[in-house]
A.B. asks: 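Submitted below is the structure of interest, expressed as structure tokens.
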Amino acid sequence: MPELPEVETTRRGIAAHLVGRRIEGAVVRNAALRWRIPPHLGRMVRGLVVRDIERRGKYLLVRCEPGTLILHLGMSGSLRVLPVGTPAEKHDHFDLILDSGMLMRLRDPRRFGAVLWEAGDPLKHPLLRDLGPEPLTGALTGKWLFRQTRNRSAAIKQVLMDGHLVVGVGNIYANEALFRAGINPKTPARRVGLSRYEQLAEAIRRTLRAAIRAGGSSLRDFVKSDGTPGYFQQQYQVYERAGEPCLRCGTPIRRIRQGQRSTFYCPRCQK
DNA sequence: AATCTTTCCTGCCGGC
DNA sequence: TGCCGGCAGGAAAGAT
């Protein structure tokens with residue numbers, strides 16, 4: 001799944017090809033994504049110039065004048081920029097045709113992604129309106145995490161993946177950030193103190209920044225925006241390392257289930 | 001063939 | 001009693 005680092009890397013990749021270009025149209029081969037692609041999207045975007053590509057959480061915002069194309073990659077989505085005329089393959093559901101002779105193509109085998117149009121302020125769109133702070137900027141603070149979790153009895157690992165608390169922390173990075181902060185993933189969120197939340201906010205920021213620096217973490221079917229294949233696998237500290245020694249203390253990494261998701265942690269370093 | 005993946009939605013629960 | 005936030009579980013599709 002593209003987590004925030006992949007989405008940010010994709011944003012940078014497509015921005016170079018899209019910003020300043022005029023949109024000549026759109027091709028919808030399969031509108032049945034998570035939500036139906038608006039029927040007359042092509043007509044609405046034709047002639048518009050792309051002003052900027054922004055990111056809010058894992059949503060990509062293709063800002064035009066007027067209006068914004070909102071994209072989400074779901075669990076298996078990827079964007080590529082290719083020459084017009086490149087044959088579409090099985091899961092290539094959507095193209096945005098540019099005046100440069102290129103097109104931006106969305107491939108999404110599992111179709112949990114989204115292509116939406118917002119005529120007004122995209123940040124006021126219902127899907128984006130209530131999202132938590134961005135973890136890479138100063139917007140995410142330990143104090144915020146502390147205050148928002150005072151009456152949350154669920155495990156910190158699960159609460160951390162709630163996009164209303166903080167965006168962009170999926171299963172992989174929740175595991176990694178909790179390890180770096182030395183917090184046991186099973187701890188009820190309300191039992192974690194302010195100073196530990198300060199450490200956690202910093203751990204989230206560092207973990208995500210490191211992943212972006214490494215080119216985004218990997219999914220085998222993820223492809224960079226220019227069409228060159230794949231991200232390399234990142235070296236995780238706990239994720240997918242069940243039974244292997246903790247890199248800090250040597251204790252075997254433990255794997256448990258939390259809310260039908262795999263959690264990996266060091267029982268000695270994370271209390 | 002059960003499992004794995006993200007996010008939104010539904011329905012239930014306890015507290016007030 | 002009704003409302004509210006929190007929480008668990010379910011659903012979507014495809015690869016393996």
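What you are looking at is a predicted structure, and each value in this text was computed from that prediction instead of being measured. Letters go in sequence order (proteins before strands), and every chain restarts at 1.
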A.B. asks: How about A/Ile97 and A/Asp95: do any of their side-chain heavy atoms sit closer than 4.5 Å?
C.D. replies: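 Yes; the side chains approach each other to less than 4.5 Å.
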A.B. asks: Please compare A/Asp108 and A/Arg190 by the position of their nearest nucleotide in DNA chain C and report the one closer to 5'.
C.D. replies: A/Arg190
A.B. asks: Is DNA chain C part of any stem, that is, at least 3 consecutive Watson-Crick or G-U pairs with both distances under 3.5 Å, and where?
C.D. replies: B:2-16 with C:2-16
A.B. asks: Expressed as a whole number of angstroms, how long is the span from A/Glu89:CD to C/dG14:C1'?
C.D. replies: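 A/Glu89 atom CD is separated from C/dG14 atom C1' by 16 Å.
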A.B. asks: For the CZ atom on A/Arg268, are there more than 12 heavy atoms of other groups (residues, nucleotides or ligands in this structure) within a distance under 6.0 Å?
C.D. replies: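 Check fails, neighbour count at 12 or below.
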A.B. asks: How close or far is atom C1' of C/dC7 from atom CG of A/Leu165, stated in whole angstroms?
C.D. replies: 15 Å
A.B. asks: Among A/Gln258, A/Lys157, A/Glu3, A/Glu176, find the one that has a side chain to side chain donor-acceptor pair (under 3.5 Å) with A/Asn171.
C.D. replies: A/Lys157
A.B. asks: Protein-nucleotides 9-13 of chain C N/O pairs closer than 3.5 Å?
C.D. replies:
from	atom 1	to	atom 2	distance (Å)
C/dA13	O4'	A/Arg110	O	3.0
C/dA13	O3'	A/Arg111	NH2	3.4

A.B. asks: Quick one: hydrophobic cluster around A/Leu247, which other residues, with the 4.5 Å side-chain cut-off, linked directly or via members?
C.D. replies: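 Noted: A/Leu247 shares its cluster with no other residue.
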A.B. asks: Please report the distance, rounded to the nearest Å, between CG in A/Leu73 and C1' in B/dC8.
C.D. replies: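 Taking CG of A/Leu73 and C1' of B/dC8, I get 17 Å after rounding.
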A.B. asks: Looking at A/Arg257, does any N or O in its side chain come under 4.0 Å of the phosphate oxygens OP1/OP2 on C/dA8?
C.D. replies: no
A.B. asks: Hydrophobic clustering (ILVMFWY, side-chain heavy atoms < 4.5 Å, transitive) - are A/Val159 and A/Val192 grouped together?
C.D. replies: yes
A.B. asks: Let me know the distance between CG of A/Leu116 and P of B/dT7, rounded to the nearest Å.
C.D. replies: 14 Å
A.B. asks: Could you check how far CE of A/Met161 sits from P of B/dT7, rounded to whole Å?
C.D. replies: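 Computing the A/Met161:CE to B/dT7:P distance gives 10 Å.
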A.B. asks: What is the distance from CG of A/Asp130 to P of B/dC8, rounded to the nearest Å?
C.D. replies: 10 Å
A.B. asks: Just distance, no hydrogens or angles: give the donor-acceptor pairs under 3.5 Å from side chains in residues 196-206 of chain A, sequence neighbours left out.
C.D. replies:
from	atom 1	to	atom 2	distance (Å)
A/Arg196	NH1	A/Lys271	O	3.0
A/Arg196	NH2	A/Gly182	O	2.9
A/Tyr197	OH	A/Thr149	OG1	3.2
A/Tyr197	OH	A/Ala189	O	2.7
A/Glu202	OE1	A/Arg205	NH2	3.2
A/Glu202	OE2	A/Arg206	NE	3.1
A/Arg205	NH1	A/Thr137	O	3.4
A/Arg205	NH1	A/Leu140	O	3.2

A.B. asks: Regarding A/Thr263 and A/Arg255, is there a side-chain donor-to-acceptor distance under 3.5 Å anywhere?
C.D. replies: no
A.B. asks: So, is the end of the A/Arg55 side chain (NZ or CZ) under 6.0 Å from the ring centre of A/Tyr59 and within 45° of the ring's axis?
C.D. replies: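 Not flagged: A/Arg55 not positioned over aromatic ring of A/Tyr59.
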A.B. asks: Answer with yes or no whether the hydrophobic clustering places A/Leu96 together with A/Leu116; edges join I, L, V, M, F, W, Y residues whose side-chain heavy atoms lie under 4.5 Å apart.
C.D. replies: no
A.B. asks: Can you tell me if A/Arg29 has over 12 outside heavy atoms packed within less than 6.0 Å of its CZ?
C.D. replies: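 Count over threshold, so yes.
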A.B. asks: Just to verify, what does A/Phe94 make a ring pair (Phe, Tyr, Trp, His ring centres under 6.0 Å) with, not counting sequence neighbours?
C.D. replies: none
A.B. asks: Send over the distance from A/Trp35 CH2 to B/dT7 P, rounded to a whole Å.
C.D. replies: 10 Å
A.B. asks: Using only side-chain N and O atoms of A/His72, determine if any of them is under 4.0 Å from OP1 or OP2 of B/dC8.
C.D. replies: no
A.B. asks: Figure out the CD/P separation between A/Glu240 and B/dC4, and round it to whole Å.
C.D. replies: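 In whole Å, B/dC4 P lies 10 Å from A/Glu240 CD.
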A.B. asks: Mind listing the N/O atom pairs, protein and nucleotides 3-6 of chain C, below 3.5 Å?
C.D. replies:
from	atom 1	to	atom 2	distance (Å)
C/dG6	OP1	A/Asn151	OD1	3.4

